[in-house]
Student: 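Dumping the structure here so I can ask a few things about it.
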Number of protein chains: 2
Amino acid sequence: MDDSHPEGEAGQGALADRRAQLVEAAVDHVAAHGIADLSLRGLGAAIGVSHRMLIHYFGSKEQLLVEIVRTSERRQRDVLSRLRLEPGLSPADAARLLWRHLTDPRLAGQERLFFELCGHALRGRPEAVPVLEGLVTDWLEPLVAAEVGAGADPATARNRARLGLATVRGLLLDLLATGDRAGVDSAMEEFLRLYYGPE
Amino acid sequence: MDDSHPEGEAGQGALADRRAQLVEAAVDHVAAHGIADLSLRGLGAAIGVSHRMLIHYFGSKEQLLVEIVRTSERRQRDVLSRLRLEPGLSPADAARLLWRHLTDPRLAGQERLFFELCGHALRGRPEAVPVLEGLVTDWLEPLVAAEVGAGADPATARNRARLGLATVRGLLLDLLATGDRAGVDSAMEEFLRLYYGPE
DNA sequence: TGCCGCATGTACCGTGTGGTACATGAAGCC
DNA sequence: GGCTTCATGTACCACACGGTACATGCGGCA
């Protein structure tokens, strides 16, 4: 068979639906088992298709990986967008809420995948490189806005935002590595004290 | 040939010397090219031996990886131990010096390898798992000691140390991902201001 | 010299991989 | 009913991998 493959960009046919469904299942599997030694056969067996079908729908493993990374990034952003902040919240409490969401054990697989992708991206693995570009810039803009809104001058706001992002990432890595939730939470509280002042 | 392989633990024969020499070359190569898709053949070709020899000296690829990780961790610790601090230095200046050392571009490959190994370790890859154990604990002790020495009570010292470690890691990841040295340095300065107070 | 032990190379094996050719079978359409 | 179209499965290919068997050659040593 030709397998003359379908639309180059996103379409809305049943075919695109099936693609989306497969990539969702793939991201679930990858978040649980890692992306490093993913094989089309193993993935297919796990999500109930033959590896032949994965090639059929995505053209190549490389393309599949690209889609997986894209979807994983989208999920990461969704974590933030699902966070509904009540208007009356202090900045420190808003940060606490965000931290609690990020460290939800149900997200652990996704967070592990994030750090795994960072490792691959730092090595120039093409499907993961886009992660690097969004790694800081994507998150900086809203954080800077929050800082400016809280009264910081733009230069300081940028530094503070970048610092906050880095600290959250570092503590998240600590948490995933050690599992010491109490210890990491305490360190985060210490940070919030330094960052927003006591009380 | 039998290849009845040599000492189970470190010895001092010429054989152990050759092993050490090979693993040093291997770490160099891995720091430059990543460990994810390392193959015995590729590594052998890069460092001038046949893949047969790597099996001969290390027994298996897995054992080689273990040695590579061990040596890479030792190098990481050496970065710290080579740092000679003059006694008169303020804590903030000592931190600045450490930061400058850690972000030396010549260490970039090593730092990338560190994050790459974190990713593998978080997935339970056996050769990398030891990284997780030392990831926080190894560094916490000296940092806590420094904090206590600077007058913090033990509980606060622990939180501050953990926070400092996480922030450094997060900013290091930012630097490797974006290459924006000036931006990351500014964020670090902001952190030092919060952490040690102005001036 | 003749032997031996060890380091190294070459050729090979079985396996798992990404990817392809071809078969099959069900749905739609005239 | 006969035809096409498409999704899916099966069988296969070439390749690179980790690992092994065997050959070769060099240094010490009696």
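First the proteins, then the strands, lettered A, B, ... as listed; each starts at 1.
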Student: For a quick test of reading the model, state the closest non-hydrogen atom pair linking B:Pro105 to B:Arg181 and the distance between them.
Tutor: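 B:Pro105 and B:Arg181 have their closest heavy atoms at CD-NH2, 3.7 Å.
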Student: Between A:Arg162 and B:Thr178, is there a side-chain heavy-atom distance shorter than 4.5 Å?
Tutor: yes
Student: Rounded to the nearest Å, what distance is computed from the NE2 atom of residue A:His56 to the P atom of nucleotide D:dC6?
Tutor: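 To the nearest whole Å, that distance equals 9 Å.
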Student: Quick one: is C:dG9 close enough that its OP1 or OP2 comes under 4.0 Å of any side-chain N or O from B:Ser50?
Tutor: yes
Student: Find the distance B:Asp17:CG to C:dA7:C1' and express it as a whole number of Å.
Tutor: 15 Å
Student: Applying side-chain hydrogen bond (donor to acceptor under 3.5 Å, both in side chains) as the test, list every pair that has at least one member in residues 131-140 of chain A; sequence neighbours left out.
Tutor: none
Student: May I have the distance from B:Phe58 (atom CZ) to C:dA7 (atom C1'), rounded to whole angstrom?
Tutor: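 That distance rounds to 14 Å.
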Student: What is the distance from CZ of A:Arg52 to C1' of D:dA11, rounded to the nearest Å?
Tutor: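 In whole Å, D:dA11 C1' and A:Arg52 CZ are 12 Å from each other.
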Student: Please report the distance, rounded to the nearest Å, between CD in A:Glu62 and C1' in C:dG18.
Tutor: 12 Å
Student: With distance as the sole test, does A:Tyr57 use its side chain to make a donor-acceptor pair with the main-chain N or O of A:Leu64 at under 3.5 Å?
Tutor: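 Such a contact is absent between A:Tyr57 side chain and A:Leu64 backbone.
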Student: When the distance from CE of B:Met53 to P of D:dG19 is rounded to whole Å, what number comes out?
Tutor: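 Atom CE in B:Met53 sits about 14 Å away from atom P in D:dG19.
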Student: Taking the side chain as every heavy atom from C-beta outward, state whether A:Val79 and A:Arg75 have any atom pair closer than 4.5 Å.
Tutor: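 A side-chain contact is absent here, since even the closest heavy-atom pair is not under 4.5 Å.
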Student: Choose from D:dG19, C:dG9, D:dG9 the nucleotide whose nearest atom is closest to any side-chain atom of B:Ser60.
Tutor: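 So the nucleotide nearest the side chain must be D:dG19.
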Student: Counting distance only, does the side-chain N/O of A:Ser72 pair as donor-acceptor with the main-chain N or O of A:Ile68 below 3.5 Å?
Tutor: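 Side chain of A:Ser72 to backbone of A:Ile68, a donor-acceptor pair under 3.5 Å: no, none is there.
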Student: Is the shortest heavy-atom distance from the side chain of A:Val49 to the side chain of A:Leu22 under 4.5 Å?
Tutor: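 A side-chain contact exists here, since the closest heavy-atom pair is under 4.5 Å.
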Student: Record whether the side chain of A:His51 comes under 3.5 Å of the base of C:dG18 through a donor-acceptor pair of N or O atoms.
Tutor: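 Under the 3.5 Å cut-off, the side chain and the base do not form any donor-acceptor pair.
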Student: I need the CD1-C1' distance between A:Ile55 and C:dG19, as an integer number of Å.
Tutor: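 After rounding, the gap between these two atoms is 6 Å.
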Student: Where along residues 21-44 of chain A does a heavy atom fall under 4.0 Å from DNA chain D?
Tutor: A:Arg41
Student: With a 4.0 Å cutoff (strictly under), does any side-chain N or O of B:Arg18 reach OP1 or OP2 of C:dC6?
Tutor: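 Indeed not, no polar side-chain atom of B:Arg18 lies that close.
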Student: Between C:dG19 atom P and A:Tyr57 atom OH, what is the distance in whole Å?
Tutor: 18 Å
